[in-house]
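Have a look at the structure below before the remarks.
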Amino acid sequence: MLSGFELPRYDDYKESGVEWLGRIPAEWEVTRLKFSSRINPPPRIGVEDLLNDACFLPMEVVHSSGKVEYGIQKPIKEIKQGFTSFQRNDVIMAKITPCFENGKGAYLDSMPTKYGFGSTEFHVLRVRSGFNQKYIYYLTKTDLFMNLGESLMTGSAGQKRVQTEFVANFRFAFPVLAVQDGIVRFLDKKTTQIDEAIAIKEQQIALLKERKQIIIQKAVTQGLDPTVPMKDSGVDWIGEIPAHWEVKRLKYVTKIVKRIAGYEGPDVLSITQKGIKIKDIDSGEGQLAMDYSKYQVVEVGDFAMNHMDLLTGYVDISKYNGVVSPDYRVFIRTYDGLDDEFLLAIFQLGYQQKIFYRYGQGVSLLGRWRFPAENFNNFFVPIPPKEEQKLIFRRVKEEWDKVDKGIALLLSQIGKLKEYKTTLINSAVTGKIRITPDMVEA
DNA sequence: CGTAGTGAGTGTTAGCACGT
DNA sequence: ACGTGCTAACACTCACTACG
C-alpha cells in the first residue's frame, strides 16, 4: 500500500505496554490525550470581551477533510448555553453520530479570530506545550482513535456520542517535539497532495455525470448522425430535430390507464428515484394506506410515474405486477412506432433536466409542483423511425456504460487514495515509519 | 453551581396518504 | 384532480437535568 517502496523504520523498537499500540520506537513515550491537551476547556472569564474577537462555527462548516469554511456566518451577539468554546490552534472534533464517524474535525490554525464558539457537539483539545497541535490533530484521524471511539460511543439509537472520558484517556505514542514537527510537515505535504488528487478525481466524476445527461439529451433530440438535415420541431424543449423525425403529443402515443384493484393483496409498489420497488407493508414502517383496495393496478411493462411532485418524483417501467397509489399516473404505450425504452429515456430526461417542471402547476412556494393530465397529454415527444430509436437507445446505453466504468474506476482510485492517506497517518504517528528530513523536502 | 450528558426539537427531502 | 397533511430519515441544534 505504501506505493511500491519501503519507507524507513526506526532502529530500535520497544513494547508500548498498550495492547493496540504494539511496539513503538525505543525513544518514544506513551501518554494520554488529557496529559497532552486540556479537554473541553471552559470559556475564559470576562467572556463578553472575547466576543469582539470571536466567531461561531456551526457543525456544517467543519468538514471531514479537516477544512473549515470560516466567515460565512454572522458574528455572535451572545454566548448561548452549551456552546463549546475554543481558540486559535485548538483541535476540535465532532462527537455526535454520524459526524464523528465521518471524521468531522479540524485543527484551527487559520481561524480568523482568536476565540471561537461552536455547536454543542464538539470536543475541544487545547494542546499543551511539548506537543505539536497538528500532531494531536492527526492522532484523532487515525484508525485506532476512530475505531475505538466509534465502538465506545454511548446513547440511544441514532443519537450516539463519543464520551469525553474516552477522548481524555486515549493513549498514544509520541516522539520529542522536533520529531513531531517533522512528522507533521511530512503528513501535511502528503495529505495535501492526496487531497488535491482526490478533488481532481471528484471533479472528473461530476463532469462524467454531466456528460451522461448531454449524451442522452443529444441522442433523443438530435439522433446519432450529425450530418442529416435538420428542421425546427416547433417545441421549445426539443429545438431542432432531424428532418425525417416527427413530434407527437403524448396523448397520441400513450394512454393513461386507471384501474382500481378493488381488493387487497397484490404487492404494493413504490416509485423511488432508483426505480420501481416492491414496498414492505408488513414491517409496519413508513407510510401506510388505510385501504389498499383503492390502489390502482400496475402490470409488468406499464409505465408509472409520480407526477405529484416534479422535484422529488420519478418514473419507471414496472418489472412487477402490483398496485400503486391511486394518485400516481400509470400509462401504457399505444403507438407501435415507439420503443418503450426510448420513451422511458425521454421521461427520465424530463425529470432529470426539469423539463416537465416547465409544464407543471401547483403551489410552488410549498414545493408542490404537479404535472396535470392535460399538460401530460399535450406534451410533445420527438419520434425517430423505430429502428433508429433502438439504435439510439443501444448507443446511449453503450456510452453510459463506458462513462459508468470511468466513474467506477475513479471511485475506486479515490477509495485507494483515502486508504493510502489513513495508512500514512497511522504509520507516521505510531512510529511504524520514520520520517527523515529528505522525505519532507522532496 | 456549572457543566457533561442526554432527549427533544428543527429544517429539509423523499414518498407518499387523505379529504373534498 | 387538487390542495394539503403526514411520516421517516438525515443531520444537525437546543435546552433540560442530573451529577459531582
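A, B, ... follow the sequence lines: proteins, then strands. Residue 1 opens every chain.
- Taking 4.0 angstrom as the limit, A:Thr154 places a side-chain polar atom (N or O) nearer than this to OP1 or OP2 of B:dT6.
- Taking the six-membered ring wherever Trp is involved, the centroid distance between the rings of A:Phe170 and A:Trp20 falls below 6.0 Å.
- Counting to the nearest Å, the P atom of B:dG7 and the NZ atom of A:Lys160 are 14 Å from each other.
- A straight line from NE2 of A:His307 to P of B:dA14 spans 18 Å, rounded to a whole angstrom.
- A donor-acceptor contact shorter than 3.5 Å links the side chain of A:Thr334 to the backbone of A:Val253.
- Counting to the nearest Å, the P atom of B:dG11 and the CD atom of A:Glu60 are 13 Å from each other.
- Across all strands shown, A:Lys104 has heavy atoms under 4.0 Å from sugar-phosphate atoms exclusively, and none from any base.
- When the side-chain nitrogen and oxygen atoms of A:Thr120 are compared with OP1 and OP2 of C:dC14, none of them lie within a distance under 4.0 Å.
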Give me the distances for all protein-to-nucleotides 18-20 of chain B N/O pairs that come in under 3.5 Å?
residue : atom : partner  : partner atom : Å
B:dC18  : OP1  : A:Met290 : N            : 2.8
B:dC18  : N4   : A:Asp327 : OD2          : 2.3

What donor-acceptor contacts under 3.5 angstrom involve side-chain atoms of residues 398-413 of chain A, with partners at least two apart or in another chain?
residue  : atom : partner  : partner atom : Å
A:Trp400 : NE1  : A:Lys212 : O            : 3.1
A:Asp404 : OD1  : A:Lys212 : NZ           : 2.9
A:Ser412 : OG   : A:Leu409 : O            : 3.1
A:Gln413 : OE1  : A:Lys201 : NZ           : 3.0

Sort me out a list of protein N/O and nucleotides 8-10 of chain B N/O pairs below 3.5 Å, or just none if empty.
residue : atom : partner  : partner atom : Å
B:dA8   : N6   : A:Gln159 : NE2          : 2.3

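- Counting any heavy atom pair closer than 4.0 Å across all strands shown, A:Gln273 reaches sugar-phosphate atoms only and no base atom.
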